[in-house]
There are 2 protein chains.
Amino acid sequence: MARDTRERILDTALTQFATRGVEAVAVTDLEDGAGLKAGSGSFYRHFRSKEDVLAAVVDREVERAEQRRQARPAGDLAEEYAQALAALDALRPLVAMLVRDGARLPHLDRVRAVLAEGGVQLDAGRLQERMDAGEVPARDAVAVAAVVQMALVGHHLAERFFGGLGVDRDRFVAALADLVGR
Amino acid sequence: MARDTRERILDTALTQFATRGVEAVAVTDLEDGAGLKAGSGSFYRHFRSKEDVLAAVVDREVERAEQRRQARPAGDLAEEYAQALAALDALRPLVAMLVRDGARLPHLDRVRAVLAEGGVQLDAGRLQERMDAGEVPARDAVAVAAVVQMALVGHHLAERFFGGLGVDRDRFVAALADLVGR
DNA sequence: GTCTATAACCAGATAGAC
DNA sequence: GTCTATCTGGTTATAGAC
């Protein structure tokens, strides 16, 4: 019991909301997961309601993501895409909550913004620069950026919802970089 | 009241499960949506339980999808991809239920199979043939097919969960076909 | 801050009249 | 086949002892 109870409730709420959905998780489950007696109501010494703890979970996760945010590296396309997939991994619980309980989440705009910055929305402007510099073949940069974004997000979601792809991550990223770069 | 009550219950269950999630939909909501008195229990003259109606909804939707299934057209890449997106549109409720309540769905394997056939899983073998025939540049066909699949699925999901892309469908499909074909 | 106990409510499901 | 009425169990939330 190193961390205090409020933090333990937030931890168990994050994992349970992300894996089972908000509706399926009872306050008694959160008490149990935090080491409190289920049904004791001790939860309510720390949060006013289930909606309240949901908002706090989303807030904390968005703030953590904003702190992790950093300048994009200057590597090649494959490195850039691999890094975007890694960023999506770190956002996994937030993605899961958005997908399962999107309409119910507080601060939906902030959630979408942090997901976009964190790896979902690759910069079309940067791709255009690469095309202008002759690093990659010239195409419709905005549309290609969208295709790349969707491929990365799709890959992330496929691992979760479709049981994987049969193509490992390195091979996927290499093929994507090859398509854009050659 | 043209169709019989059982069908009306299935219809309202499909839309409500897909949009709000199974857990959030009460049996009384299904009664209400089917024109029965909410709380009357008339639902139970047609289905044994909520789990039972969920199974029936999934079954009906999978069977409909299997009947829609048809030979893939011999058009060019862009036509092929546009058709895959249209197939995904028709599968929208099933996709929504899989994403929201995947673990709870009965016949999960059949659901995944029909989604794969219906537009998610494009044929890597066919792409390889195109590469062998010189129609498109030679690359890692299996990995490229995976990228294409994920881009299409990601596009479909983005419209639903991220409020669209800022790139319309034709432009997206054209960019994808250009990447693979040139 | 956690517990026992409980109130108030809602959802799933059943019995039986019509 | 639909209704009224009801049972049962689970969930949110509160009161008050320790």
Side-chain angles (χ1 to χ4, degrees), chain A residues 1-60 96-97 100-107, chain B residues 1-60 96-97 100-107:
Chain A
M1 299 289 181
R3 298 170 334 298
D4 75 357
T5 303
R6 188 188 155 88
E7 287 298 305
R8 291 202 313 276
I9 293 174
L10 286 173
D11 293 342
T12 194
L14 176 67
T15 58
Q16 293 196 53
F17 287 165
T19 55
R20 296 164 54 210
V22 175
E23 197 96 22
V25 177
V27 169
T28 56
D29 296 330
L30 299 180
E31 288 173 332
D32 200 41
L36 300 169
K37 169 103 182 192
S40 67
S42 296
F43 167 90
Y44 293 97
R45 297 282 172 177
H46 303 275
F47 298 96
R48 276 193 310 251
S49 66
K50 201 168 119 177
E51 220 56 40
D52 188 31
V53 75
L54 173 62
V57 161
V58 171
D59 267 357
R60 192 181 68 162
M97 284 193 285
R100 285 195 75 120
D101 297 291
R104 187 173 179 170
L105 291 194
H107 313 126
Chain B
M1 298 287 179
R3 298 172 329 300
D4 75 357
T5 303
R6 186 188 157 89
E7 287 298 305
R8 290 202 314 276
I9 293 174
L10 286 174
D11 292 342
T12 194
L14 176 67
T15 59
Q16 293 198 50
F17 287 165
T19 55
R20 297 165 53 210
V22 174
E23 197 95 22
V25 177
V27 169
T28 56
D29 296 329
L30 299 181
E31 287 173 332
D32 200 40
L36 300 169
K37 169 104 182 189
S40 67
S42 295
F43 167 90
Y44 292 97
R45 296 282 170 179
H46 303 275
F47 297 96
R48 275 192 310 249
S49 67
K50 201 166 118 176
E51 220 55 41
D52 188 30
V53 76
L54 173 62
V57 162
V58 171
D59 266 358
R60 193 182 67 162
M97 285 193 284
R100 287 193 74 120
D101 297 291
R104 188 172 179 171
L105 292 194
H107 313 126

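Here is how names work: the chains are called A, B, and so on, in the same order as the sequence lines, proteins then strands, and each is numbered from 1.
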- Item | Nearest heavy atoms of B:T12 and B:A34, plus distance in Å | CG2-N, 4.2 Å
- Note on the structure: Winner on side-chain proximity to A:V27, out of C:dC3, D:dT2, D:dT12, is D:dT12
- Could you give the CG-to-P distance, from A:L36 to C:dG1, as a whole number of Å? 11 Å
- Item | Whole angstrom value for the distance that separates C1' of C:dT2 from CG of A:D32 | 15 Å
- Item | For atom CG of A:L30 and atom P of C:dT2, their distance in whole Å | 14 Å
- Please name all residues satisfying salt bridge (charged side-chain N to carboxylate O under 4.0 Å, His left out) with B:D59, sequence neighbours left out, ordered by chain then number. B:R110
- Query: Is a side-chain donor or acceptor of B:D4 paired with a backbone partner of B:E7 at a separation under 3.5 angstrom?
  - Reply: yes
- Bend angle of the helix from C:dG1-D:dC18 to C:dC18-D:dG1, from helix axes over five pairs at each end, nearest 10°: 0°
- Message: So, using side chain to side chain contact (heavy atoms under 4.5 Å, CB included) as the criterion, who are the partners of A:T19 when residues are at least two apart?
- Response: none
- Item | Residue pairs, two or more places apart or on separate chains, that pass salt bridge (Lys or Arg N to Asp or Glu O under 4.0 Å) and touch residues 25-49 of chain B | B:R20-B:D29
- Note on the structure: Here the distance between atom C1' of D:dG1 and atom CD of B:E31, to the nearest Å, is 12 Å
- Are any of the side-chain nitrogens in A:R6 or A:D11 under 4.0 Å away from the carboxylate oxygens of its partner? no
- Note on the structure: For A:G21 and A:D101, the nearest pair of non-hydrogen atoms, with its separation, is CA-OD2, 3.5 Å
- Note on the structure: Within residues 15-25 of chain A, the residues having a heavy atom closer than 4.0 Å to DNA chain C are none
- Message: Using a strict threshold of under 4.0 Å (side-chain N to carboxylate O), is an ion pair present between A:E51 and A:R104?
- Response: yes
- What parts of residues 40-59 of chain B reach DNA chain D, counting only heavy atoms under 4.0 Å away? B:S40, B:S42, B:R45, B:H46
- Got a second to check how far B:L30's CG is from B:F17's CZ, nearest 0.5 Å? 5.0 Å
- Any A:T5 side-chain nitrogen or oxygen under 4.0 Å from OP1 or OP2 of C:dT2: yes
- To the nearest angstrom, how far is B:R8 atom CZ from D:dG1 atom P? 11 Å
- Query: Any donor and acceptor pair, going by atom type alone, linking the side chain of A:R8 with main-chain N or O of A:R3 inside 3.5 Å?
  - Reply: yes
- Message: Measuring only between side-chain heavy atoms, which start at C-beta, is A:M97 closer than 4.5 Å to A:L14?
- Response: yes
